[in-house]
Undergrad: 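Before I ask anything, here is the structure I am working with.
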Amino acid sequence: MTPAYEPPTPDYRLDGFQAATTQIEDDFSSVTLSDDLFVPFSEHHSADGRDSYLLLYDRSAIWDIPGTAEYVTLHITRDIEQRTFDFASERHPVVPLAQHWLIGRGCPQEAAEGSHHHGPRPADAVTARLEDLLRTNPGNRYEVLDHYTDNPCSFDVGVEVRTLVYDSHPDSADAPYRLFLEETTKDMHTYTVREGVFASAEEADTWVVERDSPLPLAPASPGAFDRRAAAARARSTIGGNGLAVAPAPVSPPRSAEPAPTRSRRSTR
């Protein structure tokens with residue numbers, strides 16, 4: 001019998017280091033309390049040993065407050081001379097936002113994009129393009145307002161993540177509230193991301209609760225389907241059997257749920 005896959009444990013590289021203050025020690029213990037359920041998505045450690053960047057999937061989030069974001073980022077900084085460490089941490093609803101946070105704190109982009117190969121894959125070029133937008137956030141155009149992760153832990157329904165942002169780009173002036181809807185298929189093989197456009201946060205909330213019409217999709221910007229997105233599509237839409245994987249539906253039937261809840265910020 002083939003043994004079950006057991007993900008590696010996070011590598012904090014703190015042997016021989018102690019927290020710079022008691023408060024930092026307490027905070028780090030709180031953030032990593034359930035790290036036996038953390039699955040590393042990406043890790044990067046600087047050559048000089050002063051910085052470590054980790055993107056982790058928190059399997060324990062399903063037992064937290066409903067809607068809790070499932071990705072955790074850590075930036076550990078070390079004082080090599082004093083043998084002490086400090087850190088910053090944040091929770092994120094989707095991987096591209098987690099990668100953006102790490103990149104903003106100095107992690108090389110190629111390292112932040114990860115080496116984890118055991119999760120679902122983007123299903124199409126639209127998904128790849130929208131994830132690129134969230135990851136790079138050009139001109140700081142997106143401000144995250146709310147998010148909600150709907151993970152019923154069921155083989156009958158996939159996972160849905162809703163991220164509400166305010167888009168300050170001039171082209172979005174008429175409908176600046178954008179709902180990024182990530183839907184993972186129930187077999188957990190692929191996922192899609194779509195961007196809905198709304199004139200107000202209340203309109204977005206109403207759509208989430210009522211679902212009486214398709215998600216009002218944002219028009220693709222000129223040149224959006226560039227070579228990178230096309231290459232991502234070629235990589236991601238082929239399943240293990242060599243067959244193209246159909247995108248997940250934009251809005252599968254779900255029972256009425258609350259609108260995305262206010263995002264919970266990090267402890268630091």
Side-chain angles (χ1 to χ4, degrees), residues 57 61-71 91-98 119-134 141-167 169 171-221 224 233 236-237 244-264:
Y57 176 71
I62 60 174
W63 297 296
D64 207 325
I65 299 170
T68 294
E70 296 182 339
Y71 293 94
R91 279 193 176 269
H92 310 269
V94 292
V95 168
L97 291 177
R121 299 173 63 83
D124 53 26
V126 176
T127 296
R129 175 177 65 84
L130 292 176
E131 289 197 310
D132 273 348
L133 277 176
L134 290 175
R141 63 182 290 181
Y142 297 124
E143 177 191 357
V144 176
L145 303 177
D146 291 293
H147 56 75
Y148 191 97
T149 297
D150 181 12
N151 186 353
C153 301
S154 169
F155 291 110
D156 297 324
V157 183
V159 179
E160 179 181 279
V161 182
R162 305 186 291 270
T163 306
L164 182 65
V165 308
Y166 182 85
D167 184 2
H169 194 281
D171 291 346
S172 303
D174 292 337
Y177 292 88
R178 302 300 175 103
L179 183 68
F180 284 87
L181 186 69
E182 178 183 289
E183 297 175 301
T184 302
T185 54
K186 63 182 181 181
D187 59 13
M188 300 301 290
H189 287 169
T190 63
Y191 64 92
T192 58
V193 178
R194 295 296 183 262
E195 179 186 8
V197 298
F198 299 91
S200 67
E202 289 74 21
E203 284 187 12
D205 290 347
T206 298
W207 183 88
V208 167
V209 173
E210 297 182 355
R211 305 290 181 107
D212 57 359
S213 63
L215 181 70
L217 298 178
S221 57
R233 183 178 185 180
S236 63
T237 58
V245 179
V250 169
S251 53
R254 287 175 180 267
S255 59
E257 298 168 339
T261 59
R262 180 66 57 185
S263 58
R264 298 192 300 125

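Only this structure's heavy atoms are used, side chains among them; waters, hydrogens and symmetry mates stay out. Heads up: numbering here begins at 1 and tracks the sequence.
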Undergrad: Asp171: what forms a side chain to side chain contact (heavy atoms under 4.5 Å, CB included) with it, not counting sequence neighbours?
TA: His169

Undergrad: For the OH atom of Tyr191 and the CG atom of Leu181, what is their distance to the nearest 0.5 Å?
TA: 13.5 Å

Undergrad: Got a second to check how far Leu134's CG is from Arg178's CZ, nearest 0.5 Å?
TA: 11.5 Å

Undergrad: Hey, what do you get for CD (Glu182) to CZ (Arg194), rounding to the nearest 0.5 Å?
TA: 11.5 Å

Undergrad: How about Leu133 and Arg141: do any of their side-chain heavy atoms sit closer than 4.5 Å?
TA: yes

Undergrad: Given Thr163 and Val165, is the side chain to side chain contact (heavy atoms under 4.5 Å, CB included) satisfied, shown in steps?
TA: CA-CA 6 Å; Thr163 306; Val165 308; 4.0 Å; yes

Undergrad: Using a 3.5 Å distance criterion without hydrogens, assess whether the side chain of Arg91 forms a donor-acceptor pair with backbone atoms of Ala69.
TA: yes

Undergrad: Does the side chain of Leu215 come within less than 4.5 Å of Trp207's, by heavy atoms?
TA: yes

Undergrad: What are the two closest non-hydrogen atoms of Tyr148 and Pro66, and how far apart are they?
TA: OH-CB, 3.7 Å

Undergrad: Quick one: does Thr68's side chain have a donor or acceptor within less than 3.5 Å of a partner on Ala61's backbone?
TA: no

Undergrad: State, with a plain yes or no, whether a side-chain heavy atom of Pro120 is found less than 4.5 Å away from one of His189.
TA: no

Undergrad: Excluding sequence neighbours, so at least two apart, what forms side chain to side chain contact (heavy atoms under 4.5 Å, CB included) with Ala175?
TA: Val197

Undergrad: Can you name the nearest heavy-atom pair linking Val208 to Arg162, along with the distance?
TA: CG1-NE, 3.3 Å

Undergrad: Under the rule for side-chain hydrogen bond (donor to acceptor under 3.5 Å, both in side chains), what residues qualify as partners of Tyr142, not counting sequence neighbours?
TA: none

Undergrad: With a 4.5 Å limit on heavy-atom distance, are the side chains of Asp124 and Thr192 in contact?
TA: yes

Undergrad: Would you say the side chain of Tyr177 lies within less than 4.5 Å of the side chain of Asp167, judging by non-hydrogen atoms?
TA: no

Undergrad: Take Val95 and Tyr71 through the test side chain to side chain contact (heavy atoms under 4.5 Å, CB included) and record every step on the way to the result.
TA: CA-CA 7 Å; Val95 168; Tyr71 293 94; 3.5 Å; yes

Undergrad: Check whether Thr127 reaches the backbone of Val193 with its side chain - one donor and one acceptor, N or O, closer than 3.5 Å.
TA: yes

Undergrad: List the steps, then state whether side chain to side chain contact (heavy atoms under 4.5 Å, CB included) holds for Met188 with Val159.
TA: CA-CA 8 Å; Met188 300 301 290; Val159 179; 4.2 Å; yes

Undergrad: Atom CD of Glu143 and atom CG of Leu164: how far apart are they, to the nearest 0.5 Å?
TA: 10.0 Å

Undergrad: Is the side chain of Arg129 donor-acceptor paired with the backbone N or O of Val126 at a distance under 3.5 Å, no angle test?
TA: no

Undergrad: Run the side chain to side chain contact (heavy atoms under 4.5 Å, CB included) check on Glu195 and Leu179 step by step: do they pass?
TA: CA-CA 6 Å; Glu195 179 186 8; Leu179 183 68; over 6 Å; no

Undergrad: For Glu203, what residues pass the side chain to side chain contact (heavy atoms under 4.5 Å, CB included) criterion, not counting sequence neighbours?
TA: Phe198, Ala199, Ser200

Undergrad: Any carboxylate oxygen within less than 4.0 angstrom of a Lys/Arg side-chain nitrogen, looking at Glu160 and Lys186?
TA: no

Undergrad: Report the residues that fulfil side-chain hydrogen bond (donor to acceptor under 3.5 Å, both in side chains) with Asn151, sequence neighbours left out, ordered by chain and then residue number.
TA: Glu70

Undergrad: How far does OG1 of Thr206 sit from CZ of Arg211, to the nearest 0.5 angstrom?
TA: 12.0 Å

